[in-house]
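Take a look at the structure set out below.
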Amino acid sequence: MSVGTETEPWAQPILSAAEVGEFEARIFGGDETQTREWSASGALARSASSAKAWAAMQAAGRALADAVLRDFEGIGGFPKNAGRLLVLVGKGHNGGDALIAAEAILGKYPSVVADFVFVFGEPALRPLARRAWLSLQTRFPERMQVLARRGLSERVTTHQSAHLAVHGEVKRGSRHMEPKAPLACGGEAPTAGSEFFTTGAPYALCLDGVFGFQFRPPLDSGTASVLAAAGALSVGLRAAVDLPSGLGEAGAFRADFTYATGVLKREALGLRNAGRLRYLDLGFFKNANPESRSAERVITAEVLAPLRGWRDPHSDKRAQGHVFVLAGSREYPGAALMCVLAALRSGAGLVTAFVPEAFVSSFAASVPEAIWVGWPETPNGGLALEGEYLLRERLARAGEKRALVIGPGIGRERETQVLVGEVLKTYSGELPVLLDADALQPEFLEKTRGPLVLTPHAGEFRRLSAAEPSDASLRDFAQRVGAVVVLKGPVTRVCDGSPRRDSCLNRGVSGEGSGEREGASALPVYHSLLGGPVLARGGTGDLLAGMIGAQLAREPSAILEASCRAVAWHGLAAEALERAQGAETVRTTELLNYLSLALRS
Ligand SMILES: NC(=O)C1=CN([C@@H]2O[C@H](COP(=O)(O)OP(=O)(O)OC[C@H]3O[C@@H](n4cnc5c(N)ncnc54)[C@H](OP(=O)(O)O)[C@@H]3O)[C@@H](O)[C@H]2O)[C@@H](O)CC1
Ligand SMILES: Nc1ncnc2c1ncn2[C@@H]1O[C@H](COP(=O)(O)OP(=O)(O)O)[C@@H](O)[C@H]1O
């Protein structure tokens with residue numbers, strides 16, 4: 001199988017564990033051979049494939065350490081003066097990644113110490129993991145301790161560079177364990193994982209490197225007991241390397257974050273015990289041949305590239321996109337304001353906002369950059385039918401680069417809903433239209449003709465599609481309505497079912513893309529892992545609607561990419577906000593202050 005992203009450098013394939021195995025064998029030249037290349041003297045034969053795999057493991061481990069340390073900023077930073085790491089190590093590359101990450105953290109912070117648990121015993125380490133372990137032992141012997149199951153015989157090696165040191169009550173140093181019985185690996189399983197751990201100071205970080213994508217169910221009870229015991233300890237951040245060990249099996253590792261190394265594995269999506277997913281792009285797909293494509297893709301920060309350069313020196317404000325917003329009601333005035341603010345802060349040249357007339361003067365006073373147009377109100381303070389002429393007048397004067405956002409805060413009043421239907425009947429097809437919030441009603445879907453973006457959260461998706469959110473139902477629905485659908489959630493998924501989409505971007509795994517319209521099953525679903533629970537507060541969807549509106553206005557002919565760009569930018573800004581201020585004490589609109597940082601990092 002060949003995977004690639006030549007025409008979409010901003011999206012990488014999501015593969016199953018089995019597909020990753022195949023892919024890895026191709027790019028690293030068959031890793032299993034390395035096992036045989038490990039000579040009795042412990043020297044690793046320097047084949048080209050092992051050098052590549054070692055380089056990839058180094059890259060993965062370091063990227064993992066960087067990502068973990070960055071995530072710590074959300075809770076005030078890594079405790080670099082007194083941090084303790086707990087590293088759970090299997091026998092394969094997953095353990096190797098964890099060991100290299102531990103080495104990077106120990107190398108950065110001289111006061112940090114680390115405890116290691118070799119779930120299958122240290123002798124079971126495969127060549128590259130062993131190489132990573134030797135490197136650690138050589139560099140930081142006095143800050144490491146191997147935790148042995150109580151009752152196992154243990155022998156401290158006289159590793160030439162190992163000096164034993166005493167940290168408080170704990171003896172640290174390079175030890176070599178000789179388990180009497182196999183640890184959690186067939187044969188006699190350890191009776192309880194808790195035998196490894198004594199209660200002590202909390203761990204800042206636990207790195208789970210027991211199993212990665214080569215995990216084969218079931219999870220044996222010995223390993224499960226070690227994972228459970230580690231799970232019962234006090235730990236600041238639980239990080240699964242690549243995949244949580246044991247995947248979704250009973251007793252599997254429960255992560256706060258899972259860091260996918262190089263390839264996002266399909267198995268991680270939807271696993272509750274994976275916590276927040278992070279994709280560490282190690283450049284594996286850079287030169288891959290795009291003869292076929294995965295139907296699931298992960299959006300990367302590359303999607304922001306067009307916003308990172310210089311603006312066209314000859315452009316005027318209309319060339320930067322004109323966003324029209326129909327939003328707000330007496331019940332939800334703030335939603336309109338947030339949507340408009342977001343459109344203004346995400347590059348739009350002009351924003352014209354139609355809001356209930358009662359709010360125009362106060363909104364104009366607080367956000368003078370927008371063109372505020374007072375819309376006649378219903379007796380309840382909603383947008384009245386009679387205001388439609390205002391939209392006609394203003395749209396007639398606008399340039400080509402424009403988009404219309406309808407929905408934030410409009411409420412469900414009948415007259416306003418009729419108005420939305422009329423607006424769609426008249427203007428859909430003339431410019432890209434985004435429907436959000438209470439404008440997401442099944443009855444409107446038949447009234448649209450032209451480029452359309454829908455931004456439902458899970459509940460709105462159910463209302464619109466009468467289906468539970470999933471990749472399959474998203475594809476079906478997007479194709480049925482002929483729209484770009486942005487299904488919002490902890491992982492936001494985007495699917496383009498519009499008939500005008502570029503067919504060469506939509507080949508399925510089979511690589512049979514032909515330029516004709518294909519079945520929904522072949523439509524790619526783009527996943528954004530960016531953001532996080534700091535976004536779980538009122539108004540973040542209104543901001544996203546404004547941001548997508550601005551991107552649509554600037555690129556009315558590339559509505560999929562415009563939507564993915566805004567989703568990623570919104571998520572990256574949220575992450576920057578969380579790193580700077582944490583997730584609890586922020587206001588929704590503060591996210592806008594981090595849009596710039598998100599572009600520059
Ligand atoms: N190419 C990439 O994308 C890159 C990948 N990288 C990293 O490598 C990781 C994959 O490493 P890996 O191939 O060494 O396998 P891993 O998952 O560590 O398993 C180790 C061994 O465990 C065993 N085992 C399995 N199930 C079991 C069970 N139920 N109970 C007991 N034992 C079980 C089985 O051994 P066996 O039993 O067959 O001898 C298996 O071979 C990947 O997730 C990522 O972290 C990065 O370095 C960057 C580049
Ligand atoms: N736990 C979470 N992790 C990541 N993103 C989240 C999480 N919860 C909410 N979001 C994001 O926050 C936004 C919420 O949108 P929405 O529910 O429409 O909010 P509102 O209606 O209050 O504006 C979406 O972009 C969604 O993806």
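We count ligands from 1, going down the list as the structure has it; atoms in each ligand are counted the same way.
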Ion pair check, R62 and D97, cut-off under 4.0 Å: no
N or O contact, F213 vs ligand 1, cut-off under 3.5 Å: yes
Residue F120 vicinity, atoms of ligand 1 by number, heavy atom under 4.0 Å: 31 (C), 32 (N)
Distance filter under 4.0 Å to A60 heavy atoms, resulting ligand 1 atoms: 46 (C), 48 (C)
Enumerated ligand 1 atoms positioned under 4.0 Å from heavy atoms of G212: 16 (P), 17 (O), 18 (O), 43 (O)
K265 N/O to ligand 1 N/O under 3.5 Å: no
Selected option - heavy-atom contact closest to atom 13 (O) of ligand 1, from K52, Q214, Q58: Q214
Please give the N or O to N or O pairs under 3.5 Å between ligand 2 and the protein, distances rounded to 0.1 Å.
unit_1	atom_1	unit_2	atom_2	d
ligand 2	3 (N)	G532	O	3.3
ligand 2	12 (O)	L535	O	3.4
ligand 2	12 (O)	T540	OG1	3.1
ligand 2	15 (O)	G541	N	3.4
ligand 2	18 (O)	K488	NZ	2.7
ligand 2	19 (O)	G541	N	3.3
ligand 2	22 (O)	G539	N	2.7
ligand 2	23 (O)	G539	N	3.4
ligand 2	23 (O)	G541	N	2.7
ligand 2	23 (O)	D542	N	3.0
ligand 2	27 (O)	G489	N	3.1
ligand 2	27 (O)	G489	O	3.0
ligand 2	27 (O)	T492	OG1	3.1

Part of P218 within contact of ligand 1 (heavy atoms, under 4.0 Å): backbone
Pair S346-Q551, side-chain donor/acceptor within less than 3.5 Å: no
Neighbour count >12 (heavy atoms, 6.0 Å) for atom CZ, R70: no
Heteroatom distance test (V210, ligand 1): nitrogen or oxygen, under 3.5 angstrom: no
Donor-acceptor side-chain pairing of R278 and Y259 below 3.5 angstrom: no
Flag for Y594-E578: side-chain donor and acceptor within less than 3.5 Å: no
Lys/Arg-Asp/Glu bridge criterion (N-O < 4.0 Å) met for E19, R266: yes
Check: F23 ring centroid to F285 ring centroid under 6.0 Å: yes
Polar contact flag, side-chain donor to acceptor under 3.5 angstrom, T300-D281: no
Non-hydrogen atom of F23 closer than 4.0 Å to ligand 1: no
D71 and R276 ion-paired at < 4.0 Å: no
Geometric class of the F215/F211 ring pair [parallel <30°, tilted 30-60°, perpendicular >60°]: tilted
Element-labelled atoms of ligand 1 that are located less than 4.0 Å from some non-hydrogen atom of G92: 14 (O), 18 (O), 20 (C)
Presence of salt bridge, D242 and K265, under 4.0 angstrom: yes
Nearest-option assignment for atom 29 (N) of ligand 1, heavy atoms, candidates R26, M57, R216: R216
Test item, D97 contacting ligand 1 (heavy atom, 4.0 angstrom): yes
Any G209 heavy atom less than 4.0 Å to ligand 1: no
Pair R565 + E561: basic N to acidic O under 4.0 Å: yes
Side chain proximity check, I410 to E413, heavy atoms < 4.5 angstrom: no
Atom CZ of F359: over 12 foreign heavy atoms under 6.0 Å: yes
For atom 41 (O) of ligand 1, the option (of R126, H93, K91, E24) bearing the nearest heavy atom: R126
For F284, atoms of ligand 1 separated by under 4.0 Å from a heavy atom: 2 (C), 3 (O), 49 (C)
Closest to atom 33 (C) of ligand 1 among W54, F211, Y259 (heavy-atom distance): F211
